[in-house]
Amino acid sequence: MKTQVAIIGAGPAGLMLGHLLRQADIDCVILERQSRAHVEGRIRAGVLERTTMDILDKLGINRRMHAEGLLHSGFCLADGGRLIHIDIAELTGKQVMIYGQTEVTRDLLDAAPDRGLEVLWEVEDVELHEITTETPYVTFVKGGESARLEAHFIAGCDGFHGPSRRSVPQRAGREFERVYPFGWLGMLAEVPPCRHELVYANHARGFALASMRSHSRSRYYIQVPIDERVEDWPDERVWDELSLRLGAEVAGNITRGPALEKSIAPLRSYVFEPMRHGSLFLAGDAAHIVPPTGAKGLNLAASDIVYLSDAMIGFFKRKDALGIETYSARALARVWKSERFSWSLTCLTHRFPDDSPFDRRMQVAELDYIASSPAAQLAIAENYVGLPL
Ligand code: RFL
Ligand code: PHB
């Protein structure tokens, strides 16, 4: 098989890139290791920045997002019972959209056949070859048969554990990493949210987040030790813990109900530089991971794709290679700013096992400062809604 761009991975990065290329009449094929049901069933991010909404608008795959998504104008930081409101609309003139990654993925997949975007599901043994040449190719096994896909470019959109980044020789790349000593236990439940906006709470027992997917579906998270097992957290224990950590005012409005999904995810900050090696371009989680505290993971994947799709469209349609040459530097400049924001919000809101009383006072002082300073609130708000491209 031959195509212009071989895309590895049908997560948000791969699907958005595929659609943007097809809209520009560029050929591409997506290779995905999992089944469609598996990809559609993953519960992940819930907050879309303007940049991400703009991609769905540009593609015209936005009807359900505008009909069912919830525009939010602010969120709260909570600490020891006090609520600090960050009015992002007032401070930045922008809002964020509450619309699950699961829904974004479903909308992009539903639109794929009509737009000639081909996804090959359940491909195994994906390997990248000749990536430093202009004739790279990918080999894989599908339904027991070996296949080969030749392309001009390969887009590595295969997440943190995919083969793309690992195809870059060690001497050609550099990794930057921080692994946090805790994870997030997430719980989805068919109950109304406890508040109209998200609440990020710092509590002596650990961080908690009250989020939502709709007016009738809530998503909650609590910080747990990294070695915690989800089996040790029956629903009632999670609800009890949330009630303690979110503070009386918020907790008073919690509606309990059975969990639809419960899972534990580790927290990590990670960047791989550069994001291009020859004909291979890395995008999304394949190149970087942020802790979910700033709601940046999915949105960073989207902004990578804005740069990458521009670059590839410029190359194929106008014979302009500038975007290709500058992709890695442009994307990384935005990635590092989101890494900084996600790291700082994680440090502000979580309890670290080796925190000293001094460290705790620093958190309290910073929260006091944020509560009293419109300048500090603006700094948080402009990062939360998404820095300009
Ligand atoms: P994805 O979504 O991981 O998609 C990568 C795709 O590549 C496929 N793949 C392969 N395909 C072919 N061959 C192989 N060998 C392959 N290996 C992997 C995978 O099956 C998958 O379909 O990466 P992408 O597109 O870059 O999108 C990034 C976002 O998904 C990610 O940043 C966020 O979901 C991160 N994240 C969260 N972000 C938030 O902002 N808020 C959250 O609440 C939040 N929760 C989460 C998350 C990520 C999680 N992961 C990765 C385990 C919760 C979890 C559990
Ligand atoms: C979510 O609803 O899944 C969510 C919201 C905000 C975050 C992280 C996750 O910062």
Side-chain angles (χ1 to χ4, degrees), residues 6-18 30-36 38-49 52 70 72 75 96-102 104-105 108-109 119-128 138-142 155-167 183-188 193 197-200 207 209-214 217-221 261-268 270 282-305 308 335 338 341-342 345-346 349 384:
I7 301 174
I8 307 176
L15 289 169
M16 287 185 205
L17 178 64
I30 302 182
L31 305 176
E32 168 58 51
R33 184 169 58 108
Q34 304 286 357
S35 66
R36 177 168 176 169
H38 179 99
V39 167
E40 284 192 305
R42 292 189 294 221
I43 310 292
R44 289 183 176 178
V47 182
L48 309 186
E49 291 176 1
T52 310
L70 309 175
H72 275 199
F75 65 92
V96 292
M97 175 76 86
I98 303 299
Y99 191 63
Q101 178 170 335
T102 316
V104 173
T105 305
L108 291 168
L109 284 172
V119 183
L120 299 182
W121 299 102
E122 297 178 73
V123 302
E124 296 167 87
D125 300 336
V126 166
E127 281 180 39
L128 294 74
V138 183
T139 54
F140 57 95
V141 174
K142 164 96 180 136
C157 302
D158 45 357
F160 187 65
H161 300 286
S164 296
R165 190 182 65 250
R166 289 200 307 268
S167 306
W184 276 18
L185 185 153
M187 181 164 82
L188 186 72
E197 291 177 341
L198 272 57
V199 181
Y200 294 80
F207 169 82
L209 168 60
S211 180
M212 66 190 77
R213 288 291 176 275
S214 69
R217 186 170 278 202
S218 303
R219 178 75 168 158
Y220 287 100
Y221 296 94
E261 191 261 5
K262 231 171 8 192
S263 54
I264 295 179
L267 265 67
R268 180 196 304 271
Y270 175 91
L282 301 174
D285 281 13
H288 41 74
I289 297 286
V290 286
T293 324
K296 291 286 161 241
L298 164 63
N299 294 301
L300 264 190
S303 62
D304 286 353
I305 293 308
L308 187 55
V335 165
S338 290
F341 178 64
S342 305
L345 203 57
T346 303
T349 53
Y384 195 81

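Indexing begins at 1, ligand by ligand and atom by atom, following the structure's order. The figures here come from the full heavy-atom set of this structure, side chains too, leaving out hydrogens, waters and symmetry mates. Position 1 is the first residue of the sequence, and the numbers go up from there. Keep in mind the model is a prediction, meaning the values are calculated, not measured.
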Considering heavy atoms of the protein only, find what lies nearest to [atom] and give residue, atom and distance to 0.1 Å.
{"atom": "atom 4 (O) of ligand 1", "answer": "Gly11 CA, 3.4 Å"}
{"atom": "atom 27 (O) of ligand 1", "answer": "Pro12 CD, 3.5 Å"}
{"atom": "atom 1 (P) of ligand 1", "answer": "Arg44 NH1, 3.4 Å"}
{"atom": "atom 8 (C) of ligand 2", "answer": "Pro292 O, 3.3 Å"}
{"atom": "atom 35 (C) of ligand 1", "answer": "Asp285 OD2, 4.2 Å"}
{"atom": "atom 18 (C) of ligand 1", "answer": "Asp158 O, 3.2 Å"}
{"atom": "atom 42 (C) of ligand 1", "answer": "Ala45 CA, 3.4 Å"}
{"atom": "atom 25 (O) of ligand 1", "answer": "Ala13 N, 2.9 Å"}
{"atom": "atom 15 (N) of ligand 1", "answer": "Pro163 CD, 3.2 Å"}
{"atom": "atom 9 (C) of ligand 2", "answer": "Tyr221 CE1, 3.6 Å"}

**Message:** Regarding atom 21 (C) of ligand 1: of the candidates Arg42, Met16, Arg33, which has the closest heavy atom?
**Reply:**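 Going through Arg42, Met16, Arg33 one by one, Arg42 has the nearest heavy atom to atom 21 (C) of ligand 1.
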**Complete:** In terms of its nearest heavy atom to atom 19 (C) of ligand 1, the top option of Arg166, Glu32, Gln34 is Glu32
**Asked** Between Leu31 and ligand 1, which part of the residue brings a heavy atom under 4.0 Å of the ligand: side chain, backbone, both or neither?
**Response**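 The answer is the backbone of Leu31.
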**Item:** Mode of Cys157 contact toward ligand 1 - side chain, backbone, both, neither (heavy atoms, under 4.0 Å)
**Value:** backbone
Which of the numbered atoms in ligand 1 are below 4.0 angstrom from a heavy atom of [X]?
{"X": "Gly284", "value": "26 (O)"}
{"X": "Gln101", "value": "2 (O), 29 (C), 30 (O), 33 (C), 34 (O)"}
{"X": "Lys296", "value": "40 (O)"}
{"X": "Gly162", "value": "17 (N)"}
{"X": "Tyr221", "value": "43 (O)"}
{"X": "Ala295", "value": "40 (O)"}

**Request:** Decide, yes or no, whether a salt bridge links Glu261 with Arg219 under the criterion of side-chain N to carboxylate O below 4.0 Å.
**Result:**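 So Glu261 pairs with Arg219 through a salt bridge.
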**Item:** N-O pairing of Glu49 and Lys296 below 4.0 Å
**Value:**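 A salt bridge is present here (some side-chain N lies under 4.0 Å from a carboxylate O).
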Checking the N or O distance criterion of under 3.5 Å, is ligand 1 in contact with [X]?
{"X": "Val126", "result": "no"}
{"X": "Trp184", "result": "no"}
{"X": "Val39", "result": "no"}

**Asked** Counting only heavy atoms, which portion of Ser211 has something under 4.0 Å from ligand 2: side chain, backbone, both, or neither?
**Response**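 It is the side chain that gets close, since no backbone atom is under 4.0 Å.
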**Request:** Using a 4.0 Å heavy-atom cut-off, say whether Arg44 meets ligand 2 through its side chain, its backbone, both or neither.
**Result:**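 Answer for Arg44: backbone.
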**Item:** Stepwise side-chain contact (heavy atoms from CB on, under 4.5 Å) check, Leu120 with Phe140
**Value:** CA-CA 11 Å; Leu120 299 182; Phe140 57 95; 3.9 Å; yes
Quick check: does [X] get an N/O under 3.5 Å from an N/O on ligand 2?
{"X": "Arg219", "answer": "no"}
{"X": "Val47", "answer": "no"}
{"X": "Tyr200", "answer": "yes"}
{"X": "Thr293", "answer": "yes"}

**Prompt:** Does any donor atom in the side chain of His288 or Asp304 lie under 3.5 Å from an acceptor atom in the other side chain?
**Reply:** yes
**Asked** Is there a side-chain contact (heavy atoms from CB on, under 4.5 Å) between Thr139 and Asp125 once you walk through the steps?
**Response** CA-CA 8 Å; Thr139 54; Asp125 300 336; over 6 Å; no
**Asked** Mind checking whether Tyr221 and Trp184 have parallel, tilted or perpendicular rings, split at 30° and 60°?
**Response**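 Tilted.
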**Request:** Begin with the C-alpha distance, continue with both residues' side-chain angles, and end with the deciding distance and a verdict on side-chain contact (heavy atoms from CB on, under 4.5 Å) for Leu128 and Ile8.
**Result:** CA-CA 10 Å; Leu128 294 74; Ile8 307 176; 3.7 Å; yes
**Request:** With heavy atoms of Ala295 as the reference, note each atom of ligand 2 found under 4.0 Å away.
**Result:**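 Listed by number with element: 6 (C), 7 (C), 10 (O).
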**Which of the ligand 2 atoms, numbered from 1, are nearer than 4.0 Å to a heavy atom of Leu198** =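 The atoms of ligand 2 under 4.0 Å from a heavy atom of Leu198 are 5 (C), 6 (C).
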**Asked** Should Val126 and Arg33 be marked as a side-chain contact (heavy atoms from CB on, under 4.5 Å) after you check the CA-CA gap, both sets of side-chain angles, and the distance that decides it?
**Response** CA-CA 8 Å; Val126 166; Arg33 184 169 58 108; over 6 Å; no
**Request:** Determine yes or no for a side-chain-to-main-chain donor-acceptor pair under 3.5 angstrom, with Arg213 supplying the side chain and Tyr99 the backbone.
**Result:**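 No.
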**Prompt:** Of all the heavy atoms in Leu209, does at least one lie under 4.0 Å from an atom in ligand 2?
**Reply:** yes
